Structures are given as C-alpha cells and as structure tokens.
Amino acid sequence: GYAIRECAKNGIKIAYVMGFIGKLAKMAAGVKQTHVKGSKVDMKLLAKIAQKSGADEKTIKRILGANTARHVLEIIQEDKITGFSDKICHMVQDRMMEHSEKKIRVNVVLFDFDGTILSRCTSE
C-alpha cells in the first residue's frame with residue numbers, strides 16, 4: 001500500500017506488482033504488511049475465490065485445511081480449477097488502485113514457483 005501511494009504522490013503513471021501467491025493473496029485481502037511475520041494468508045478468502053472459480057466442496061475443504069498459500073495453489077492446479085489466478089490478480093489490482101486513489105495504472109503478474117506466469121492483468 002505504501003509504495004503504491006508514494007507512486008501516486010510522486011506522479012508515477014504506472015506501477016507493476018509481481019509476486020508469488022502468498023504475497024498476492026495477502027494483498028488481495030487488503031493486508032498492507034505482507035511480511036511473513038506481519039500477517040497470515042486468509043484461507044477462507046482463497047476458498048471463496050476458488051468457489052467462485054468453480055471449485056467443488058471437496059476442493060474447498062482441502063483449501064481450508066491447507067497450511068500455506070503455495071499449498072492452496074498446488075490444490076488449485078491439481079484439481080484443474082480455472083480462473084482462480086485471474087481473480088487473485090484482479091483483486092490485487094483493485095486494492096492497489098484504491099491505495100493510489102485511482103491516480104495510477106496498476107499491472108499485476110502472478111508467478112508460479114518455477115517462474116511461469118500464471119496470470120496477469122493490466123489496467124487501461
């Protein structure tokens with residue numbers, strides 16, 4: 001949140017937010033301090049996003065029992081849930097736009113742990 005507000009305050013026109021599922025999940029939830037010791041991933045939120053992406057009850061239960069966001073992503077990939085990563089990116093984008101008071105464009109990229117881009121969204 002701080003970095004995006006500073007970008008807006010200093011006339012930056014576009015910001016890029018890139019990361020792995022853990023950080024982006026925290027940002028999607030509106031968490032401003034994403035350091036591992038500063039906050040936790042909201043598994044209920046991730047389960048809700050999965051449900052909106054078509055996950056069945058079995059997948060939702062697995063997500064709610066997951067220990068990490070990375071584990072959630074593994075479940076999503078194993079169960080072939082489509083749209084989940086896109087929804088995370090758009091939620092992060094919405095939160096970051098709020099932080100900048102919609103003064104800057106925000107592009108978001110979600111990477112897998114092998115460097116593969118899972119999703120990206122760009123603002124117009």
Side-chain angles (χ1 to χ4, degrees):
Y2 173 78
I4 294 295
R5 281 193 306 277
E6 287 299 303
C7 286
K9 190 188 321 182
N10 289 292
I12 303 296
K13 301 291 183 209
I14 187 166
Y16 294 85
V17 175
M18 301 177 184
F20 299 122
I21 186 67
K23 294 288 185 192
L24 294 188
K26 291 176 184 182
M27 293 171 82
V31 174
K32 293 181 182 173
Q33 171 52 275
T34 60
H35 189 276
V36 69
K37 292 182 182 181
S39 62
K40 293 185 179 185
V41 173
D42 184 346
M43 296 303 178
K44 289 181 183 177
L45 175 65
L46 294 181
K48 187 175 182 179
I49 296 167
Q51 186 175 37
K52 288 181 180 180
S53 300
D56 62 20
E57 197 59 37
K58 179 182 173 189
T59 300
I60 300 303
K61 286 181 182 179
R62 289 179 66 207
I63 289 170
L64 291 172
N67 293 317
T68 64
R70 184 176 186 163
H71 186 200
V72 170
L73 187 58
E74 290 169 358
I75 293 166
I76 291 295
Q77 291 171 334
E78 287 169 11
D79 292 358
K80 297 178 180 31
I81 306 303
T82 59
F84 178 85
S85 296
D86 293 339
K87 285 178 178 52
I88 293 283
C89 281
H90 285 289
M91 289 177 72
V92 170
Q93 185 180 48
D94 290 345
R95 294 287 187 182
M96 295 304 103
M97 294 291 288
E98 289 170 10
H99 288 311
S100 75
E101 298 174 351
K102 300 190 181 194
K103 292 180 181 175
I104 64 172
R105 294 178 14 212
V106 179
N107 295 340
V108 181
V109 180
L110 172 61
F111 291 98
D112 197 352
F113 293 90
D114 64 2
T116 302
I117 294 175
L118 298 175
S119 181
R120 69 174 68 181
C121 63
T122 58
S123 53
E124 318 222 349

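In this text, all values refer to a predicted model and were calculated from it rather than measured experimentally.
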Could you report the tightest heavy-atom contact between [X] and [Y], atom names first, then the distance?
{"X": "Ala25", "Y": "Leu46", "value": "CB-CD2, 3.9 Å"}
{"X": "Ala69", "Y": "Gly22", "value": "CB-CA, 3.6 Å"}
{"X": "Ser85", "Y": "Leu73", "value": "OG-CD1, 4.4 Å"}
{"X": "Ile104", "Y": "Ala15", "value": "CD1-CB, 3.8 Å"}
{"X": "Leu64", "Y": "Met43", "value": "CD2-O, 3.9 Å"}
{"X": "Cys89", "Y": "Cys121", "value": "O-SG, 3.4 Å"}

Nearest-0.5 Å distance that lies between atom [atom1] in [X] and atom [atom2] in [Y]:
{"X": "Arg95", "Y": "His90", "atom1": "CZ", "atom2": "NE2", "answer": "15.5 Å"}
{"X": "Phe84", "Y": "Gln51", "atom1": "CZ", "atom2": "CD", "answer": "12.5 Å"}
{"X": "Ile4", "Y": "His99", "atom1": "CD1", "atom2": "NE2", "answer": "8.5 Å"}
{"X": "Phe111", "Y": "Thr116", "atom1": "CZ", "atom2": "OG1", "answer": "9.5 Å"}
{"X": "Leu45", "Y": "Ile88", "atom1": "CG", "atom2": "CD1", "answer": "6.5 Å"}
{"X": "Asp112", "Y": "Ser119", "atom1": "CG", "atom2": "OG", "answer": "12.0 Å"}

Could you list the residues that satisfy ring pair (Phe, Tyr, Trp, His ring centres under 6.0 Å) with Phe20, not counting sequence neighbours? Phe113
Should [X] and [Y] be regarded as members of a common hydrophobic cluster, given that ILVMFWY residues are connected when their side-chain heavy atoms come within less than 4.5 Å of each other, either directly or indirectly?
{"X": "Met97", "Y": "Leu110", "result": "yes"}
{"X": "Ile14", "Y": "Ile12", "result": "no"}
{"X": "Val109", "Y": "Ile21", "result": "yes"}
{"X": "Ile117", "Y": "Met27", "result": "yes"}

Answer whether the closest heavy-atom distance between the side chains of Ser123 and Gln93 falls below 4.5 Å.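 Ser123 reaches Gln93 side chain to side chain.
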With a 4.5 Å cut-off on side-chain heavy atoms, are Met96 and Val108 touching?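 Not in contact.
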side-chain hydrogen bond (donor to acceptor under 3.5 Å, both in side chains) assessment of Asn107 paired with Thr122: CA-CA 4 Å; Asn107 295 340; Thr122 58; 4.6 Å; no
Carefully, step by step, assess Asp86 and Leu118 under the rule side-chain contact (heavy atoms from CB on, under 4.5 Å). CA-CA 8 Å; Asp86 293 339; Leu118 298 175; over 6 Å; no
Does [X] have any side chain to side chain donor-acceptor pair (under 3.5 Å) partners at least two apart in sequence or in another chain, and if so, which?
{"X": "Asn67", "result": "none"}
{"X": "Glu101", "result": "Lys103"}
{"X": "Lys44", "result": "none"}

How would you list all residue pairs meeting salt bridge (charged side-chain N to carboxylate O under 4.0 Å, His left out) that involve residues 6-18, not counting sequence neighbours?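 Listed by first then second residue: Glu6-Lys9.
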Applying salt bridge (charged side-chain N to carboxylate O under 4.0 Å, His left out), which residue pairs with at least one partner in residues 56-66 are found, sequence neighbours left out? Arg62-Glu78, Arg62-Asp79
With a sphere of 6.0 Å drawn around NZ of Lys87, does it hold more than 12 non-hydrogen atoms of other residues, nucleotides or ligands? yes
